[in-house]
2 protein chains.
Amino acid sequence: MDELDEKVLRHLVRDGRATFAQVGDAVGLSASAVKRRVDRLVESGALRGFTAVVDPAALGWRTEAYVEVRCDGPVAPAELRRRLVEIPEVVEAVTVTGRADALLRLLAADVQHLERALERVRDELDVAATESVIVLSRLLDRARPGT
Amino acid sequence: MDELDEKVLRHLVRDGRATFAQVGDAVGLSASAVKRRVDRLVESGALRGFTAVVDPAALGWRTEAYVEVRCDGPVAPAELRRRLVEIPEVVEAVTVTGRADALLRLLAADVQHLERALERVRDELDVAATESVIVLSRLLDRARPGT
DNA sequence: CATGAAACTATATAAGC
DNA sequence: GCTTATATAGTTTCATG
C-alpha cells in the first residue's frame, strides 16, 4: 500500500470505470502495471469493489432521514443486522456510542412512506425510543462522484 | 426509466465494472442495448457515475463519527458547504430538520485525530454546539458492495 | 519483485438493419 | 432492439532492471 496505490485508488474513486491505461497515464504507470496493482488491492481487501452511483430521486426515493434507535435491553449487532436487512428502506446502519444503540439512514418515497418504514423498524426491533431528523439537502458526499 | 433500466442499475450497483454483455445476460438484452440504456441513464442524471469502494481502514482511517452541528445564527447551505469541503475529514454532510443545522460524517485515523478534526469544524463554522457519536460497527451499507 | 512491451482475447462502440 | 464490423481495452506472458 504505497503512494502509487493511493493515487490509483483516488483515480478509481473519481471514475470507477476508468480504463487501466487512463489510470496509468494519471499515475505514471503502464496499463498492465495498474491492473496488477488493482488486482492486488482487491485481493487484499483495500479495494472492496466497484459500484454505480444512482440518484435516489430518479428512482422515486425523495425523502431521506437519519434515525437514532435505542433498544430495550441488550442487542447483539449480528441480530440487529439480521432484522434491519429485511427493511429495504434502511440503506445504512451502524452501531454507535452514547445513549442510542444504532444510527440508521432511511430512504423513502415521501414522508408517508418514511413513517411506515419507521413503524416497521419499531416492530422489527424492540425499540425503546427513536429520534429522527429528515434530510433537507445534501451538502457533501466524498464517497460519491458528481455531488 | 422502466423496469429494465432499474434492473440494469441494480446490476451496476452490485458490480460497477460489469461488462455490458454481463449486464445484458442478467437483464435479457444485448450488450449494445445495455450500452444505450446506460448512456441514456447517465445523460438523464439517474446514473451519476461509477466509483471504487475503498476500505477506509486500509488507508488508515479507523475512526468514524457522526456529528450534529448547531450553528450560531442563520447559515446558508452553500456557505456551509464551502467551509466543510475544506476539512478533508468531513466525508459527508447534510442539512437536517430539528434543533441541529447539519449532520456530518467524519473519518479520522484515531480519536485524537477525530478530536482535532472536530476542533477544526468548530473553528470553520460558527458552532453553538455539537453532539457526536462514534461508530462502533457498520451493520449495513446498501450503497456499497461487499459489506 | 515490480515493471513495460507485446501478443492474444474480450469488450466497447458505431453503423447497419 | 439486435447484428455486425472495427476500434479499443483487458489479460497473460515474458524479458528486463
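As the structure is a computational prediction, the values presented were derived from the model and not from experiment. To find a chain, count down the sequence lines: A is the first, B the second, and so on, and within it residues start at 1.
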*Within a radius of less than 6.0 Å around CD of A/Glu131, do more than 12 heavy atoms belonging to other residues, nucleotides or ligands occur?*
no

*Send over the distance from B/Leu4 CG to D/dG1 P, rounded to a whole Å.*
7 Å

_Nearest-angstrom distance from the residue atom CZ of B/Arg37 to C1' of C/dA12_ = 18 Å

*May I ask you to say whether A/Arg120 pairs ionically with A/Asp123, meaning some side-chain N is under 4.0 Å from a carboxylate O?*
no

*asked:* Please determine whether a side-chain nitrogen of the Lys or Arg among B/Glu92 and A/Arg142 lies less than 4.0 Å from a carboxylate oxygen of the Asp or Glu.
replied: no

*How close do B/Ala57 and B/Arg62 get, heavy atom to heavy atom, and via which atoms?*
O-NH2, 3.4 Å

*asked:* Give the residues of residues 15-28 of chain A touching DNA chain C, defined as any heavy atom closer than 4.0 Å, sorted by residue number.
replied: A/Arg17

*Which other residues end up in the same hydrophobic cluster as A/Val96, if Ile, Leu, Val, Met, Phe, Trp and Tyr are linked when side-chain heavy atoms come under 4.5 Å apart?*
A/Tyr66, A/Val94, A/Leu103, A/Val133, A/Val135, B/Tyr66, B/Val94, B/Val96, B/Leu103, B/Val133, B/Val135

_Set of residues satisfying ring-ring contact (aromatic ring centres under 6.0 Å, His included) with respect to B/His11, sequence neighbours excluded_ = none

*Could you walk me through whether A/Val53 and B/Phe50 pass the side-chain contact (heavy atoms from CB on, under 4.5 Å) check?*
CA-CA 6 Å; A/Val53 182; B/Phe50 297 90; over 6 Å; no

*asked:* So if I define the base as every atom that isn't primed, P, OP1 or OP2, how would nucleotides 12-17 of chain D read as a B/S/- string at a heavy-atom cutoff under 4.0 Å?
replied: B-----

*asked:* Testing the 3.5 Å rule here: is there a donor-acceptor pair between the side chains of B/Thr130 and B/Arg70?
replied: no

*Is the closest basic N to carboxylate O distance between A/Glu68 and A/Arg99 below 4.0 Å?*
no

_Remaining members of the apolar cluster that contains B/Leu106, side-chain heavy atoms under 4.5 Å_ = A/Leu139, A/Leu140, B/Val67, B/Val69, B/Val75, B/Leu80, B/Leu84, B/Val85, B/Ile87, B/Val90, B/Leu104, B/Val111, B/Leu114, B/Leu118, B/Val121, B/Leu125, B/Val127, B/Ile134

*With axes from five pairs an end, tell me the bend angle of the helix from C/dC1-D/dG17 to C/dC17-D/dG1, nearest 10°.*
30°

